[in-house]
Structures are given as structure tokens and as C-alpha cells.
Amino acid sequence: MNFVEELRWRGMIHDIMPGTEEQLQEEMTTAYVGIDPTADSLHIGHLVSIMMLKHLQMAGHKPLALVGGATGMIGDPSGKSEERNLLSEEVLRHNVEAIKKQLLKFLDFEHGENKAEIVNNYDWMKEFSFLGFLREVGKHLTVNYMMAKDSVKKRLDTGLSFTEFSYQLVQAYDYLHLNTTKNCKLQMGGSDQWGNITSGTELIRRKTGGEAFALTCPLITKADGGKFGKTEQGNIWLDARYTSPYHFYQFWLNCSDEDTERYIKIFSLFSREEIESMIAEHRQAPHTRLLQKALAKDITVRVHGEEEYNTAIEASEILFGKGTTETLKKLPENVLLAVFEGVPMFEVSKAEIETGINIIDFLGEKTSITQSKSEARRMLKEGSISINKEKVSEDLVVSSDHLINNHHILVQRGKKNYFLVQAR
RNA sequence: GGGGGGAUUCCAGAGCGGUCAAAUGGGGCAGACUGUAAAUCUGUUGGCUAAGCCUUCGGAGGUUCGAAUCCUCCUCCCCCCA
């Protein structure tokens, strides 16, 4: 199965420029996707692009990951972009390094002619003078052409700065640059990038007469209309410092059935046969969530490793399984901390706990488990607060009896919100 | 330049002198159900030293025993006529 066919059955093609498939059949082709290095970690939204590169590489082509040191500073008008902050070179270098480390988990940067590479457009944009840019790039695309892009049109009535308007030129130039220096003939990205990408192919055509192609994948959506990859806590990051492996695992486990059928094709490398049989099996017994588990495992292992995956499972079992106060109290401290890594932590003085703290003060004042004492009272009345997995009422006094291993108290607000209170 | 309408608690949107911490819907949070789901149903949704008190209805003053509600000025939005 060739690259395009592979993406097609996985539902990863939104738009493809005529001739792209032929180009890929003809020779080993270099292709790139752009990533904004706005943080020192990727989040799962980036994963789609990365999977495109992965499939590309597996099909024998050469993937480039372009980190947009330059473009990241400008802000793409097609995003819901506010004006972006300029990143310092130092931060940028740090982010690029961190991102590269994460990419290593997905792409092969070492072996073969088609080993992956990282390029940074800041390297070729930083010395480019404004006049030089106007003469070399600006000359070749008309404003009329640029204005016709959806990303620009949509902003015309609310207004967009010249800087943002120019974004597509900068991105187009990247493509041209990679085309001439690295013989890169394909740019991929999310469907919102189509306009920017075709500006690039157009620039290449006009400037060098060469051919270049475009391929975009659909925007990942959720069946309920929500935004993919976001939770109340924010983005799902690949870096364990930002999203613990447990939360990462939970994110995938909690996807709806409908979404998971699409996601597993996009985010896992299971073969078509494997996926189809899993989907069929899952539909037989949806409550076992076989599909979610398979996807969550596949991707958690790839991102965080087998060991972290196992801890995540263990944690899930304690939190959602038959875990009781007894099992909790038996848990060694290091396991407890690993399980609850990433859950919000509060510190309360041990002396106060030994004296005894009224539950309402404990929730609303000593910690921010509830936002106010009123909320604490309400929650207690609703029976939504548990301590060490046991529901508690308004008259409880938190004391040293509640300490696990002599320094922790596990508090739940509702079913899914866990807090760890540390006595010190 | 002239005329008119509006700004309300997270959002939309009622209220137009006391009974208003403010209807209703959405959203949020929680409970039941369940698959750690969806749908549904229920409760809840300013704060506190809690049958009481305090701070909220664009801003500043004023009238009144009492104001989100009336008056004056200011700021910002919208509409109509030139």
C-alpha cells in the first residue's frame, strides 16, 4: 500500500494536489510539515502531522520537520491567533531541542537515505532583509492572490495586521527554500494550512518553474463538537512534566466510541485488518472499551514507555477500580506518589492536622479543593467529597487518623477530581 | 449634526421603587443511572463567623425610610434620519 493509499483509508486526507500521488510513486520524495515551537513540548494536536511524517517515512520517503522559529513569531491568521510574542533565540533553541527529543520517539533520524531531519526557518529567515524579502518573494505573488485565501478573507472585516497578512509569504518562502536546498517537493499540514501551502507551491512554480505538491489532513474533531486535545486542564502535552502519563493515558481512554474509531486510524500504526477487527469486536461489547484501551496503550507506550504505561494502568485501577481505603493505605509511599503524579497537591501543616481541622476549613481554606467554604458546604451536602475514597459529611474533622503513610490524604471532589494533601 | 434604544450575576436574557443574591435558558459543578461514556433525570451555581449578615445589576453623584428599578452627569455599545 503506498503512502497516499495508506493515509486515505486512515481518513487522513482532506485535500491533495493533483499529481502528488504520482510524484510519490516516481521517486523518494522529501516532504515537510511545519511545527510552531511556541513551547518546549509538543501536544497531541501536533501528533497528526507527526503521524503523517511517520507514514511518509515508512513508505520510504524522507520527512522534514520544520520548526517555525521565524513563522512562530508572526502568527498565522488562519489560527485563532492573538498576536504572538517574539521568542528569544535562546528560548527558541531550547524549544527546538525539546521538540526534537520528542520527535525521536516517532521518526528515525539516524538510518538510511530517508532519515528524518529537523530544520528551523529562523536559520534562513533571520538574515533576510526586508527589502530583500520584498524583491525576492513579495514580487512573485499578487496581493489579489493573497487576499483570495480564506484565512485572509475571514479576517478582512475584523481586520488583520500587515504582519499577519504576510504570514503566507513567509511560509511560502520556507517551502521555496526547502525546495531549492533540499529538493523538498511536498508540504503537508492540517486543512487550515491549505492556503498557505498552495501559496508556497505557487511561489515555487513562478520562481523556479519547478513542481511542488500539497497534502492536508482534516482537522481532528470530536463527535460532540468540542475541541480535540483539550481538557479542562488545558492541552494534552507529550511532556510528562506538563501532562502526566496517567492523565495522558486517561485522555485516550475517555474518548467516545465514535471518536476512537477515527482516532485509532490516525494515531496508531495498527494495520487496516487489525483495526477493522478491533472495531468490529468493540461494537459487539462497547462497554469493555477495547478500542480505547488499545489506542491508549499504543500511544502511551510510544510516548512515555512501557513502564509509565503500567503505572498509569495501576493508577487507573486504584482510582476507578475496586480501590478502597484499605488498599489505599497499604500502598507504599513511592507508588502512591507515582500514581498521583500530576494531581493537584496541597500542603497543610502536620501540627494542624494532628489538632484536627474541620472539613469545611480543610477544603475551602487550608487548600483550594473547593473555591470557597460555601462551595465546600454545598459539595458536602451533595455527597461529592470523599477522603481516602470514603464519602464524608459536613461534620467530619480531619485528623491524623486520615493520613496515609503518615503524610498524605487523598481527597476526591466528585468522581474524577483527585487531590493529594501533604502534611508537613 | 438630529432622533431613539441599550449596558443586569460565567454567557444569553427577564426584572423597571420594597416580597431581588435577582425569573428563564445555556454553560459549569455535583448526585442517580452507566462503560471512568453518551443520553436522561435530579440538585446546585456571589461571599461569610450562615434561619442572620456583607458585597453585587456600566461609572460617579442625588431623590427616598428603602433603588437593579426614579433623577443628573460621565463612559461605552447599537439602531434610525441627515
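So that the names make sense, note that chain A is the first sequence line, chain B the second, and so on, each numbered from 1.
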Self-check item: Pair partner, B/U44 [Watson-Crick or wobble, under 3.5 Å]
Solution: B/G28
Practice problem: Using a heavy-atom cut-off of under 4.0 Å over every strand shown, decide if A/Q292 touches base, sugar-phosphate, or nothing. | Solution: base
Self-check item: Whole-angstrom distance between B/U64 and B/C71, as gauged at atom P
Solution: 15 Å
Exercise. Sticking with atom P, work out how far B/A7 lies from B/G15, rounded to a whole angstrom.
Key: 10 Å
Quiz item: What is the nucleic acid contact for A/S316, judged by heavy atoms within less than 4.0 Å: base, sugar-phosphate only, or nothing?
Solution: base
Practice problem: Output the distance between atom NZ (A/K373) and atom CG (A/N358), rounded to the nearest 0.5 Å. | Solution: 8.0 Å
Practice problem: Check the distance between B/U36's P and A/Y418's OH and give it to me in whole angstrom. | Solution: 12 Å
Practice problem: Using both distances under 3.5 Å as the test, list the Watson-Crick or G-U wobble partner of B/A14, or none. | Solution: none
Self-check item: Atom C1', compared across B/A68 and B/U8: separation rounded to whole Å
Solution: 7 Å
Quiz item: Which value, in whole Å, describes the distance between the C1' atoms of nucleotides B/C81 and B/C70?
Solution: 30 Å
Quiz item: Quick one: A/E261 CD to B/A38 P, roughly how many Å, whole number?
Solution: 17 Å
Quiz item: So does A/R289 get a side-chain nitrogen or oxygen closer than 4.0 Å to the phosphate oxygens (OP1/OP2) of B/A37?
Solution: no
Quiz item: Given the C1' atoms of B/A60 and B/U75, what is the spacing between them in whole Å?
Solution: 11 Å
Practice problem: Kindly check if the number of other-residue, nucleotide or ligand heavy atoms within 6.0 Å of NZ (A/K350) is above 12? | Solution: yes
Pairs under 3.5 Å (N/O, protein and nucleotides 47-54 of chain B):
unit_1	atom_1	unit_2	atom_2	d
B/G47	OP1	A/S372	OG	2.9
B/C48	OP1	A/K373	N	2.9
B/C48	OP2	A/S374	N	2.7
B/C48	OP2	A/S374	OG	2.4
B/U49	OP1	A/K373	NZ	2.7
B/U49	OP2	A/R377	NH2	3.2
B/A50	N7	A/R377	NH2	3.0
B/A50	N6	A/S374	OG	3.0
B/A50	N6	A/R377	NE	2.7
B/A50	N6	A/R377	NH2	3.1

Quiz item: With side chains defined as the heavy atoms from C-beta onward, is the minimum distance between A/M188 and A/Y32 less than 4.5 Å?
Solution: no
Quiz item: Does any donor atom in the side chain of A/K149 or A/T198 lie under 3.5 Å from an acceptor atom in the other side chain?
Solution: yes
Quiz item: Between A/T260 and A/D257, does any side-chain donor sit less than 3.5 Å from a side-chain acceptor?
Solution: no
Quiz prompt | Pairing partner (Watson-Crick or G-U wobble, both distances under 3.5 angstrom) of B/A22 | solution = none
Quiz item: Can you tell me how far C1' of B/G35 sits from CZ of A/R283, to the nearest Å?
Solution: 17 Å
Exercise. Return the nucleotide paired to B/U34: Watson-Crick means purine N1 to pyrimidine N3 with N6-O4 or O6-N4, wobble means G-U with N1-O2 and O6-N3, both under 3.5 Å.
Key: none
Quiz item: Side chains of A/F270 and A/D298: does their closest heavy-atom pair fall under 4.5 Å?
Solution: yes
Quiz item: Which base sits across from B/U75 as a Watson-Crick or G-U pair, both distances under 3.5 Å?
Solution: B/A7
Quiz item: Starting at CD of A/E258 and ending at C1' of B/A39, how long is that distance when rounded to a whole Å?
Solution: 14 Å
Self-check item: Euclidean distance, atom CG of residue A/L380 to atom C1' of B/C29 [Å, nearest integer]
Solution: 14 Å
Practice problem: Determine the interatomic distance between C1' on B/G5 and the same-named atom on B/C10; round to the nearest Å. | Solution: 26 Å
Quiz item: When the C1' atoms of B/U55 and B/A21 are considered, how many whole Å apart are they?
Solution: 10 Å
Quiz item: More than 12 foreign heavy atoms under 6.0 Å from CD of A/Q371: is that the case here?
Solution: no
Quiz item: Quick one: A/Q412 CD to B/U36 C1', roughly how many Å, whole number?
Solution: 11 Å
Exercise. If a pair satisfies ring-ring contact (aromatic ring centres under 6.0 Å, His included) and one of its residues is in residues 276-310 of chain A, list it, with sequence neighbours excluded.
Key: A/F248-A/H304, A/Y249-A/Y309
Write down the protein N/O and nucleotide N/O pairs, taken from nucleotides 31-34 of chain B, whose separation is under 3.5 Å; answer none if there are no such pairs.
unit_1	atom_1	unit_2	atom_2	d
B/U34	O4	A/K415	NZ	3.1

Exercise. Tell me yes or no: between the side chains of A/T370 and A/E375, is some donor less than 3.5 Å from an acceptor?
Key: no
Quiz item: Between A/M379 and A/K416, which has a closest nucleotide on RNA chain B that is more 5'?
Solution: A/M379
Exercise. Please state whether the phosphate of B/A30, meaning OP1 or OP2, lies under 4.0 angstrom from any side-chain nitrogen or oxygen of A/N417.
Key: yes
Self-check item: Beyond-backbone contact of A/L410 with A/Y418, side-chain heavy atoms, under 4.5 angstrom
Solution: yes
Quiz item: What is the minimum heavy-atom distance between A/I16 and A/W194, and which atoms define it?
Solution: C-CH2, 4.0 Å
Quiz item: Separation of A/K381 atom NZ from B/U44 atom C1', in whole Å?
Solution: 11 Å
Quiz item: Expressed in whole Å, how much space separates the C1' atoms belonging to B/G18 and B/U63?
Solution: 16 Å
